[in-house]
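Everything below concerns the one structure shown next.
So you know, we letter chains A, B, ... as the sequences are listed, proteins then strands, and number each from 1.
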Amino acid sequence: MVWVPGVGEIPLSLSTIKGRRKSITVKRYGIVSQALLKYKPGDRIFLRGPYGTGFTLTEERNLIIGGGSGMAALRPLINDKSFGMVSAKTGDELLFTHEFKENSIMIMTDDGSSGLKGFPSDYLESVDIDQFARIYACGPELMLKALYHKLKDSRPDAEFSMERIMKCGIGICDSCSIDGRQICVDGPVVRVGEINPDGEFGHQKLDISGRRIEIHL
Amino acid sequence: MVWVPGVGEIPLSLSTIKGRRKSITVKRYGIVSQALLKYKPGDRIFLRGPYGTGFTLTEERNLIIGGGSGMAALRPLINDKSFGMVSAKTGDELLFTHEFKENSIMIMTDDGSSGLKGFPSDYLESVDIDQFARIYACGPELMLKALYHKLKDSRPDAEFSMERIMKCGIGICDSCSIDGRQICVDGPVVRVGEINPDGEFGHQKLDISGRRIEIHL
Amino acid sequence: MIDLGVSIAGIDLENPFVLASGILDENGYTLVEVLRSGASAVVTKSIGLEERKGYIPPVVYELPYGLLNAIGLSNPGIEHYSHEISIAIREKKPIIGSVFGSTPEEFAHLSSRMEDFGVSAVELNLSCPHVKGYGQEVGSDPNLVRDIVRSVKRKVDVPVFAKLSPNVSDIQAIAEAAIDADGFTLINTVKAMKIDIYARQPVLSNVYGGLSGSAIKPVGIRYVYEIASNFDRPIFGVGGITTAEDAVEYIMAGASAVQVGTAVARVGKRVFNKLISEMRDFMEREGFSKIGDMKGVALRR
Amino acid sequence: MIDLGVSIAGIDLENPFVLASGILDENGYTLVEVLRSGASAVVTKSIGLEERKGYIPPVVYELPYGLLNAIGLSNPGIEHYSHEISIAIREKKPIIGSVFGSTPEEFAHLSSRMEDFGVSAVELNLSCPHVKGYGQEVGSDPNLVRDIVRSVKRKVDVPVFAKLSPNVSDIQAIAEAAIDADGFTLINTVKAMKIDIYARQPVLSNVYGGLSGSAIKPVGIRYVYEIASNFDRPIFGVGGITTAEDAVEYIMAGASAVQVGTAVARVGKRVFNKLISEMRDFMEREGFSKIGDMKGVALRR
Ligand SMILES: Cc1cc2nc3c(=O)[nH]c(=O)nc-3n(C[C@H](O)[C@H](O)[C@H](O)COP(=O)(O)OP(=O)(O)OC[C@H]3O[C@@H](n4cnc5c(N)ncnc54)[C@H](O)[C@@H]3O)c2cc1C
Ligand SMILES: Cc1cc2nc3c(=O)[nH]c(=O)nc-3n(C[C@H](O)[C@H](O)[C@H](O)COP(=O)(O)OP(=O)(O)OC[C@H]3O[C@@H](n4cnc5c(N)ncnc54)[C@H](O)[C@@H]3O)c2cc1C
Ligand SMILES: Cc1cc2nc3c(=O)[nH]c(=O)nc-3n(C[C@H](O)[C@H](O)[C@H](O)COP(=O)(O)O)c2cc1C
Ligand SMILES: Cc1cc2nc3c(=O)[nH]c(=O)nc-3n(C[C@H](O)[C@H](O)[C@H](O)COP(=O)(O)O)c2cc1C
Ligand code: FES
Ligand code: FES
């Protein structure tokens, strides 16, 4: 949870984990993320955490499927043997594509402005998923939902990082829950095999007031 | 600090220290001590502590000078080589005299009803204090004061256990202080060499309300 | 045979441990999980008439011995919340609907809707900021408290609990004003705050928040004891309960049952099963066979 | 160059750390030791007209994050206490005389005697039980507070601090009533209690006591912040200060100086020297050269 004093606090992932120096990667979105983007080197950053579960780290060959700023959380997983399926709305929102080896990445955009047009789930069949020791995904919930249906039988060990409103980060406020589990504590990383396709995932979530809303594209 | 629920709490010393089973020895005095004396085997005792300093334990030959219930605190120090100077107001208030070896004890009472008549300080010259690795004393302040003057030059290492009103036991209420030191924390055991003869010791103390009173026989 | 069952204002509970309002009770599926984890009942988040977003985060701050929060009564509004209750109610354990408002009419309407949704009781959160006064709370104005409780009692048949604020000079005057309630819930959080000395700013966006957890247990015990000594109404004890010993302390002070909040975050939802087994052990060791046998034993009458 | 000196209501202090009332201040020789340990001033125990034994022990109970006490205002009476002040005053540091009573006349007389004894200021302990009402404190009755402060101000020339209770619904109304004082001291202990579940009894012989120490720091910060935001009077911050960071939090909330109580028992009298060196380190690291530069920086105006 990253706090900009006087502005607000938002959940962010570490985009560098190893070593003494860490990093976060922020997408310009609303008030807090914009305030963060004004920070200069040497400025003090206020945070608490990290909270919850992380991806299982591996040095083996892995498949990294990222949508938009979801790549921030996936970045620490990129290694020499990684294969990436990196997507975004438009080409200039693509993140960390240069961190993959040449010929180890597929790029796609919603508008086709860069790489292939479409979503990672549309192209999953074109890669042989059995070759990967681990599969990770982070991005919009509908992208995860589409991936879920393609992976649930073959790869229940694949790991998804989920997103919800997160107000407390410590399992008390219930704003982040999916099917009674607090994503800030028991997540955000969950295994595909643990997801209930008939529950809230991909269907419903609570908004900032606690009002139940449907998840649409 | 021993608490009798519904009655009160008073400071008491452990009269057995070693082993799993401990003991306290209580003199019938006022409300709390009388309530304690009604306890039966198996009853629950409530206490907090122990607090403060204790006597330096030794297996060597030591001199134990006790007045009245002061013997309670001294009892754990008695060993095979101990010599005791045990005093009380009258004979039936003498404590733990049987725990010393034969010929290793001098008994005195204020009224002469048992042993010699008088105070330990009156007879200190009759023992060779240099033979003792340690010297310990506990009893009424005027007994300690008389001993102080006899020991301050020859045995600044002698240890006295002091008594004051003790309400908190943890160095906050100031009811137990002597010369700005809290006897519940920095005492009750102090070395003779640390005592200031021109301060409060043997002269003045605060009573239960905090009123300064002179110490008389 | 140890019996953990209690009855409070006519509500039968299989054990004395109930989820406190505002903790893991925004989403109906979470309520289901809490009930399955051993809670004998749940109190909902405090619900108002209209949807409210609450304060901008930071809305919580962890202290070593407690938690500060200023969620700001975020809630979807009473009508939207009915869906969450409909999910939780399938567990067939009591749901206690917590409501907040600023007028007797609001409280009465909200309580009546809660009753429609099928709750077993309502709890009136009398600790929210009061619009009329300044820096004051609804729960510190005896006349307003009296009117609120009466209006609600006239409107609903389920038992009504008045949840009182600890931020008052004279709790007995407030309890007296709320005497028409079927029971009391004591206590809500203690007004407090935290400054980050490196940011040189208050940490909560609302500046002030409510302190909960271990730090306030001695305050909660005091309120329960004081009210149990002076009033003949069942009490839910709440504030800083993490172990069965904490719960026993509340029960000996006069509570009939207890609610657990902050510990659910600290320990997790399994705190309820932990409390149940610790309570059995304690009662066995100390020779109590019913929770009721411990109730109020520390009161000096 | 770091300067730890502060001035509060005209009293110059060599550092912002003052001994709080009721802690190690019954015996004049102890006050001397506290001043020699680094405290820039001491507040005496609260002294009344007559000698009082206080409550029968147990009068304190240690909690993991604080201390409960119900000493019961034991004191030798104002005339006997003069001797203790005469001992402490030789240290040539400010002595602040704390007094308690139940009427304006008592407070005025006690304060005037304190002035005769040579104190640099008086502190009015407005948190003792109030005889007129029931379960109420002197400090929660605005009219009484106003009369007390006015009577004292008419009688003495030294600065007068009003020490306010945190056990009130509306601190601003009380501060308003005490506005004739030269400064405020915030806060006294929070009413609380503890039951020993094995003894099945309250631990303090008086049943209720006051909670101090870390547990109440967030409450103290809130009161200081609230009063500093709304009133233009210097404030002594007190409640749960153990480290310089705690003190900085109070100062950023608006306090001019702080008082330290429970930590003196937890850490020992050397807490004052520890606070002084921690404060120097903090100010150096954070680039503050004067205590005054930190004062109130967290206030949103
Ligand atoms: C586990 C997790 C990890 C994330 N990691 C990253 C990351 O590494 N990089 C990245 O760019 N984005 C990440 N996000 C998304 C990011 O948190 C949101 O984009 C961000 O909260 C938007 O805040 P804002 O103030 O810029 O937007 P605004 O729309 O202005 O938000 C206004 C206010 O709404 C509230 N709010 C909005 N979104 C959330 C939220 N998810 N939780 C709580 N309150 C919210 C806050 O109070 C915020 O101040 C992550 C989200 C989650 C749940
Ligand atoms: C360090 C220390 C060790 C001691 N060890 C022993 C021991 O091992 N055996 C023994 O018999 N005696 C011991 N005493 C003395 C013992 O504490 C007193 O005799 C006892 O407090 C008397 O209490 P009472 O309730 O029986 O008397 P009362 O006169 O009825 O006392 C009434 C009340 O006065 C208060 N009071 C009286 N004396 C004290 C005190 N010293 N401190 C605080 N409050 C007091 C209490 O509130 C008590 O309840 C020790 C004293 C000290 C300071
Ligand atoms: C995050 C949080 C939110 C809360 N929200 C509410 C609420 O909406 N209504 C209410 O009556 N009490 C609310 N409370 C107070 C709790 O119900 C409870 O009274 C208090 O936290 C003390 O219990 P605890 O120490 O077990 O948490 C909230 C407490 C916390 C920590
Ligand atoms: C044992 C004890 C005795 C106290 N006695 C008094 C008193 O006589 N007068 C007073 O104004 N405050 C008294 N207080 C309150 C303290 O001065 C202080 O306001 C409170 O303890 C909070 O500070 P702390 O957390 O640093 O202890 C007492 C506190 C304690 C712990
Ligand atoms: S963010 Fe509050 S429970 Fe997860
Ligand atoms: S008994 Fe309280 S300071 Fe020693």
For chain C, find which of D:Lys217, D:Glu286, D:Met294, D:Gln201 contributes the most heavy-atom pairs closer than 4.5 angstrom.
D:Glu286
Closest heavy-atom pair and its distance - D:Ala298, C:Pro202
O-CD, 3.5 Å
Nearest heavy-atom neighbours spanning C:Ser214 and D:Tyr65
O-OH, 3.0 Å
Structural part of [X] lying under 4.5 Å from a heavy atom of chain C:
| X | answer |
| --- | --- |
| D:Leu211 | side chain |
| D:Tyr61 | neither |
| D:Val248 | both |
| D:Leu204 | backbone |

Residue from C:Asp196, C:Ile197, C:Val168, C:Ile171 scoring the most non-hydrogen pairs under 4.5 Å with chain D is C:Ile197
With a 4.5 angstrom heavy-atom cut-off, could you sort out which part of C:Val219 is near chain D: side chain, backbone, both or neither?
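When you check distances to chain D, atoms from both the backbone and side chain of C:Val219 fall under 4.5 Å.
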Of the backbone (N, CA, C, O) and the side chain (C-beta and beyond), which part of C:Leu63 lies under 4.5 Å from a heavy atom of chain D, both, or neither?
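Just the side chain, heavy atoms under 4.5 Å.
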Less than 6.0 angstrom separating the ring centers of D:Tyr223 and C:Tyr208, yes or no?
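Centroid distance D:Tyr223-C:Tyr208: not below 6.0 Å, so no.
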Drop me the distance from D:Ser169's OG to C:Asp170's CG, to the nearest 0.5 angstrom.
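Separation between the atoms: 8.0 Å.
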Which of residues 249-259 of chain D have a heavy atom under 4.5 Å from any heavy atom of chain C?
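Contacts with chain C: D:Glu249, D:Met252, D:Ala253.
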State which residues pass side-chain contact (heavy atoms from CB on, under 4.5 Å) with D:Asn69; sequence neighbours excluded, sorted by chain then number.
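With neighbours one apart ignored, the set is D:Val60, D:Ile71, D:Thr189.
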